[in-house]
Q: 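Below is the structure I would like to discuss, written out as structure tokens.
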Amino acid sequence: MLTQKETLALLEILAHEDKSFETTAAAFQRAFVRADHFRIASAMCIMLDDGLMAPRHCLSALYIIHDLYKNEPPGVHPFMPFLVGTLDSIQHAEDEARLLQRYLLCQLLAQTPSKDLPKLSPAELADSWSSESDLLPLPNLAALRESYAQRDAQVSELHRAGISPLVPDGQPPEQPRSEGETAVEGALGLMRLEPPLLRPPPPLLDSREDEVLWLNPHSEVTFHVLWDHSMCAENVKGTEVRELMGKAFRGPLVTQQQQLVLAELEGDAKLVYHCGLTPKRLPDLVENNPVIAIEVMLKLMSSSQLTDYFSVLVNMDISLHSMEVVNRLTTAVDLPTEFVHLYISNCISACENIKDKFMQNRLVRLVCVFLQSLIRNKIINVQDLFIEVQAFCIEFSHIREAAGLFRLLKTLE
């Protein structure tokens, strides 16, 4: 309704609290041309209703709104309903700002307005007013309402309430617009003060007696078929994860690819069931990408095939990666005791059956570190496997890690 330049000019005029009301009103009429007075005054009414003005600025704004059409009778004054409604709403107010507005409006709407009021400034009016002694009697509001009631009766109730009969189109067709249409839309922007809506009647449809009348809401040019482009579309993210999982079974993924798979699995809990993983392919995933294998096993804890996955994990070849996966799973969730015990027994058997001395020593060190981690984290009850683990330590006592595990067992006896 107001441009930025007009808003700044209006606020600058209202900010002079030390100038008299008639000086402020004259400055307003110099700053804005007569054709804009009604629009600017309408904006001030909205600002007063919404509480967007300082208390002293409200006094100047009320005076300017009344002064613009002071020579017109009350029934013709376009803002008389607003002034009467404002006075009616604050007649029982108790705060000083509202009482000052009441004091000002009582003088403006009185049958014989005060001659000294225009010479006072908002600050002087506030200084000379006493909230206890200067409560002026209200003017005859019923008579003022009756003066403009006949005029308002000529306007429909919807227009008086500011309700537009236009229903905006969510997706209007792109058609060339004339300057007249743009001007009408600008005029309709005045809330509660719209001009009358002029809509020509629609033309009659050409029809015959032997045909059914079909009403087309759109012309053939602007009619568009609504199509759901996501229907039957393939899940791009799911496809990408399946492709990366296929690579993960064959070899290690780079860090960026691992992070993408982990993020997608975290975002969609059901994706683990559609990524191409089966119990048969779990050993390949453990050896090539143990980090992804850990996350996948955690997601499969509620799966009906969990026993099959555990069985494959227990019976696969013992390696650093398989022990890493089992160790992480034991610290993250409560694994079945029989699964952990069976895996430990398989680790000990693998160390005893390997022929290569170098590989045997390396595997024994890994198993000893793995068992120490389980014992210190209280994942297993060492008494359940005490004899088997003690025999393992004695057999490989020449290895430093096995000797350390044996000492740990002795401290727990």
Side-chain angles (χ1 to χ4, degrees), residues 1 14 20-22 24-25 28-29 37-53 55-120 122 125-126 128-165 190-196:
M1 182 175 287
L14 298 177
S20 64
F21 286 119
E22 62 181 2
T24 302
F28 177 89
Q29 297 194 23
H37 286 179
F38 180 83
R39 180 170 58 85
I40 307 295
S42 300
M44 286 194 291
C45 292
I46 296 174
M47 295 169 71
L48 288 168
D49 276 346
D50 295 340
L52 301 178
M53 288 188 181
R56 299 286 178 86
H57 296 180
C58 293
L59 300 176
S60 299
L62 289 172
Y63 184 87
I64 291 173
I65 292 172
H66 178 270
D67 182 74
L68 288 175
Y69 303 93
K70 65 181 179 180
N71 296 326
E72 303 289 346
V76 180
H77 196 303
F79 296 102
M80 188 56 64
F82 171 77
L83 297 174
V84 172
T86 301
L87 178 57
D88 187 38
S89 65
I90 63 174
Q91 60 175 312
H92 301 297
E94 297 181 358
D95 58 292
E96 181 179 347
R98 297 281 184 174
L99 290 173
L100 264 176
Q101 294 178 27
R102 179 189 186 278
Y103 181 67
L104 174 65
L105 288 173
C106 286
Q107 296 189 63
L108 291 176
L109 300 181
Q111 284 189 339
T112 55
S114 172
K115 295 182 180 180
D116 297 331
L117 179 63
K119 303 183 183 303
L120 295 177
L125 181 68
S128 62
W129 171 80
S130 171
S131 59
E132 298 178 356
S133 60
D134 291 336
L135 285 178
L136 297 179
L138 291 175
N140 192 345
L141 299 183
L144 291 173
R145 290 193 184 97
E146 186 178 355
S147 65
Y148 57 77
Q150 184 177 2
R151 178 193 68 186
D152 287 352
Q154 301 175 2
V155 183
S156 66
E157 293 185 2
L158 287 177
H159 280 76
R160 273 184 282 166
I163 301 175
S164 174
L190 291 171
M191 295 179 63
R192 300 171 296 175
L193 301 166
E194 301 96 341

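Since we're looking at a predicted model, the values are computed, not measured.
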Q: Indicate yes or no: at least one non-hydrogen side-chain atom of F21 is less than 4.5 angstrom from one of L59.
A: yes
Q: Does the side chain of M44 come within less than 4.5 Å of M53's, by heavy atoms?
A: yes
Q: Which atom pair, heavy atoms only, marks the closest approach of P78 to P81?
A: O-CD, 3.8 Å
Q: Nearest 0.5 Å, please: how far is CG in D88 from CG in L144?
A: 11.0 Å
Q: Is the closest side-chain heavy-atom distance between L117 and L125 below 4.5 Å?
A: yes
Q: Considering the options L105, L62, L104, which one meets the side chain to side chain contact (heavy atoms under 4.5 Å, CB included) requirement together with L87?
A: L105
Q: Go through the steps to decide whether T86 and L48 satisfy the test side-chain contact (heavy atoms from CB on, under 4.5 Å), and finish with yes or no.
A: CA-CA 9 Å; T86 301; L48 288 168; over 6 Å; no
Q: What I want to find out is whether D67 reaches K70 closely enough, with some N-O distance under 4.0 Å, to be called a salt bridge.
A: yes
Q: Just so I know, are the side chains of S20 and P118 near enough to count as touching, which here means a heavy-atom distance under 4.5 Å?
A: no
Q: Contact between L83 and L108 at the side-chain level, heavy atoms closer than 4.5 Å - yes or no?
A: no
Q: Is any side-chain heavy atom of Q29 closer than 4.5 Å to a side-chain heavy atom of I64?
A: no
Q: Should the heavy atoms of other residues, nucleotides or ligands under 6.0 Å from CG of D116 be counted, would the total exceed 12?
A: no
Q: Could you tell me which non-hydrogen atom of A41 sits nearest to which non-hydrogen atom of I65, and how far apart they are?
A: O-CD1, 4.2 Å
Q: In terms of ring plane angle, is the pair H77 and Y69 parallel, tilted or perpendicular, where the classes change at 30° and 60°?
A: perpendicular
Q: Look up atom NE2 in H37 and atom CZ in R39, then write down how far apart they are to the nearest 0.5 Å.
A: 10.5 Å
Q: Taking atom CZ as the centre, does R145 end up with more than 12 heavy-atom neighbours from other residues, nucleotides or ligands that are less than 6.0 angstrom away?
A: yes
Q: CD1 of I90 to CZ of R102: how many Å apart, nearest 0.5 Å?
A: 8.0 Å
Q: State, yes or no, whether a side-chain contact exists between P139 and L141 at a heavy-atom distance under 4.5 Å.
A: yes
